[in-house]
Amino acid sequence: MNKDVERILYNEQQLSVICDRVADQLNRDYKGHQVVLVGILKGSVVFLADLFRRLDFECCLDFMAASSYGSGTVSSGNVRITKDLSCNIRGKDVIIVEDILDTGNTLSYIRDHLGAFSPASVRICTLFDKPARRKKNISADYKGETIDDLFIVGYGLDYDEKYRNLPYIGILKPEIYTK
Ligand code: IMP
Ligand code: MG
């Protein structure tokens, strides 16, 4: 285990079971559809890679990146798109893939942005949902797990751009945040 991690919340095997379950739901709902999976950089990449390989319907892959800026460390509602889509989603069924739905600021902005390109549908698939901190009226159509108001890292999720490469989801030791 990484020396900065206090405890593991989901190990590799548990994450794999979560991916199986979410992929089964998508495979049932999207069979025969023209799908574009849109991964939100960077946090979603590990989940997306595991999920994508479990999908058995035809689907394209694209990415977007957004940053949420404001005063201090608290994310504001001011979302800015830093990387836009590269493929055409008009008439397609879009699935946004995200690591974690927290305040909802990022995903509600991205969902509205994508809606302007006239897709057939836009749904949200998130690995984790943290409803306690929600600020926007948004919910996930597909979700791995609902978690308490905890800050988690690993499996794509970072703290200060670190720990994305941990193969599990962990909670950092309190002293790491006060450094
Ligand atoms: P929202 O706009 O507040 O919903 O922010 C969502 C983004 O905040 C996610 O895509 C993550 O990048 C980040 N985030 C929220 N909670 C956590 C966490 O517990 N660990 C790591 N990143 C998080
Ligand atoms: Mg993120």
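Every number for a ligand or one of its atoms is a count from 1 in the order of the listing. Bear in mind the structure is a predicted one, so any value in this text is a computation, not a measurement.
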Among [options], whose heavy atom sits nearest [atom]?
| atom | options | result |
| --- | --- | --- |
| atom 15 (C) of ligand 1 | L172, T103, D102, T106 | D102 |
| atom 11 (C) of ligand 1 | V79, D129, L107, I100 | I100 |
| atom 19 (O) of ligand 1 | K130, R134, K136 | K130 |

Tell me which part of K135 gets within contact of ligand 1: side chain, backbone, both or neither, using heavy atoms under 4.0 Å.
neither
Shortest non-hydrogen separation from D149 to K130 and the atoms involved
OD1-CD, 3.9 Å
Hey, is ligand 1 close enough to F151 that some N/O pair sits below 3.5 Å?
no
L101 N/O to ligand 1 N/O under 3.5 Å
no
Taking the six-membered ring for Trp, is the centroid-to-centroid distance between F128 and Y10 below 6.0 Å?
yes
Numbered atoms of ligand 1 (with element) below 4.0 Å of L150, judged on heavy atoms:
19 (O)
Number the atoms of ligand 1 from 1 as they appear, then name those within less than 4.0 Å of a heavy atom of G104, with their elements.
1 (P), 3 (O), 4 (O)
So, does I152 sit close enough to ligand 1 that a heavy atom of it is under 4.0 Å from the ligand?
yes
Classify the ring geometry between Y159 and Y177 as parallel (under 30°), tilted (30 to 60°) or perpendicular (over 60°).
perpendicular
Fit a plane to each ring of H33 and Y30, take the angle between them on a 0 to 90° scale, and name the class: parallel (under 30°), tilted (30 to 60°) or perpendicular (over 60°).
perpendicular
